[in-house]
Amino acid sequence: MTQTTDFLAPARLGRLALPHHLVMAPLTRNRAAADGTPTDLMVTHYTQRTTAGLIIGEASTPNAVGQTYPNITAIHTDRHLAGWRRVTEAVREGGGRMFLQLQHGGRVSHPETTGLTPVAPSPVPLQETIFTPRGHLPAVVPREMTVADIRATVADFAAAARRAVDAGFEGVEVHSANGHLLHQFLAGNTNRRTDGYGGPVERRVRFTAEVTEAVADAIGADRVGVRISPGNTVNGIEEDDTDVLYPALVARLRDLDLAYLHLVHADPDTAVYRRIRADWPGVLIGNPVLPDLTTAGVTRAAAGMLAAGADLVALGRPFLANPDLVTRLRLGAPLNPVRDRYLMYTGGATGYTDYPALDDQPSSASMVALDGPRVA
Ligand SMILES: Cc1cc2nc3c(=O)[nH]c(=O)nc-3n(C[C@H](O)[C@H](O)[C@H](O)COP(=O)(O)O)c2cc1C
């Protein structure tokens with residue numbers, strides 16, 4: 001386990017040597033073609049960010065019904081594979097390393113987008129609107145998955161993982177966070193099942209465990225990470241037993257020898273963080289809560305994450321707005337602010353590939369280099 005709080009020191013992730021401890025968190029940006037195939041713009045975006053220690057590529061759907069929103073990336077056809085290969089080749093050429101996140105939206109999906117009725121552990125609709133090609137529409141009641149659906153979905157994740165590795169990714173991240181299908185199985189308000197996949201925590205963690213095991217069997221456990229977000233209420237999730245749910249999940253996953261476990265909103269002051277860190281024997285990636293997006297704020301949060309026992313630090317918005325984030329943190333240089341939120345999910349280069357690097361900014365000549373990161 002890492003002892004350093006110097007997040008710019010070299011690190012390891014299994015067989016991968018990383019230049020430092022900073023990981024680019026998965027960031028959905030809706031810049032894929034209508035069928036989910038990565039575009040030239042995406043090649044540019046990821047190539048700009050190859051100095052991340054590891055890039056976790058944005059949520060990519062493993063089957064048609066799992067698609068959340070329009071222009072989300074996918075990885076279930078050969079066309080998707082070929083599109084992603086262009087991204088991974090460019091990232092590798094730029095000296096980077098990349099995993100791909102596999103995400104099934106479950107009830108966070110809409111027939112207007114997929115032409116299909118969304119599926120979920122139980123027929124409990126999201127009490128929110130969902131973005132579709134016709135704008136924001138009320139969510140529909142999802143169809144309860146049968147055991148045959150569950151088995152087929154597990155197989156789809158495994159097939160998507162194989163495609164991801166064929167496309168040149170170093171591995172995949174199973175998305176069991178942020179209110180998507182796997183999280184819907186974990187949480188009591190979205191999982192009302194009475195069969196072997198619902199009820200007590202040991203049964204609610206089963207679907208995430210089976211997906212992860214199947215993916216690990218398909219591509220090797222050392223190429224598989226899992227992302228979780230204990231207590232996160234996004235997408236209508238309500239957990240009333242976070243403190244026992246996640247230890248039960250970790251107990252199912254801990255002996256698989258996975259590449260890593262990735263924690264969203266990792267807060268060292270919470271009991272669930274401390275319990276997961278104590279129980280998880282492998283690499284823990286912490287995605288810290290960022291009080292602000294300044295150089296000092298990000299530096300403090302990243303160092304604090306390592307001090308709290310995380311092995312690597314994942315950052316989302318800082319990488320979104322700063323293609324050269326690592327250089328900026330190394331120099332103590334100011335960070336670009338995140339531009340309008342609506343640009344996050346619209347197509348096009350604006351707010352995506354046009355964030356400047358220091359070299360693009362005339363004022364960088366007067367920037368004073370500091371000795372390593374500023375840790376307050
Ligand atoms: C534009 C945007 C897109 C995101 N897409 C994903 C995603 O595809 N998968 C995921 O697990 N989290 C996603 N997230 C969450 C981020 O990975 C990260 O957990 C969150 O932004 C908090 O980290 P930060 O404070 O460093 O930005 C997204 C966040 C943003 C802002």
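For this chain, numbers begin at 1 and follow the sequence in order. Whatever order the structure lists them in is the order used to number ligands and atoms, beginning at 1.
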Report yes or no: do N30 and N71 form a side-chain donor-acceptor pair below 3.5 Å?
-> no

Taking a cutoff of less than 4.0 Å between a non-hydrogen atom of the residue and any ligand atom, is P318 in contact with ligand 1?
yes

Here the atoms of ligand 1 under 4.0 Å from any heavy atom belonging to A25 are 17 (O)

Those residues at least two apart in sequence (or on a different chain) that pass side-chain hydrogen bond (donor to acceptor under 3.5 Å, both in side chains) with R79 are D35

R227, any N or O under 3.5 Å of ligand 1 N or O: yes

Contacts satisfying ring-ring contact (aromatic ring centres under 6.0 Å, His included) that involve residues 222-266 (not counting sequence neighbours) are F99-Y260

Logged contact type for V289 with ligand 1, heavy-atom cut-off 4.0 Å, is neither

Ligand 1 to L315, heavy atom cutoff 4.0 Å, flagged ligand atoms 26 (O)

One finds that the ligand 1 atoms under 4.0 Å from a non-hydrogen atom of A59 are 8 (O)

Ranked by distance from atom 29 (C) of ligand 1, the top protein heavy atom is L27 CD2, 3.7 Å

message: With side chain to side chain contact (heavy atoms under 4.5 Å, CB included) as the criterion, how do L137 and E112 come out once you've worked through the C-alpha distance, each side chain's angles and the decisive distance to 0.1 Å?
response: CA-CA 9 Å; L137 295 175; E112 277 296 329; 3.4 Å; yes

Among the heavy atoms of F319, does any lie under 4.0 Å from an atom of ligand 1? no

Short version for Q101: what comes under 4.0 Å of ligand 1, heavy atoms counted, is side chain

Ligand 1 to N178, heavy atom cutoff 4.0 Å, flagged ligand atoms 10 (C), 11 (O), 12 (N)

Closest heavy-atom approach to atom 17 (O) of ligand 1 among P26, A177, P291, A301 is made by P26

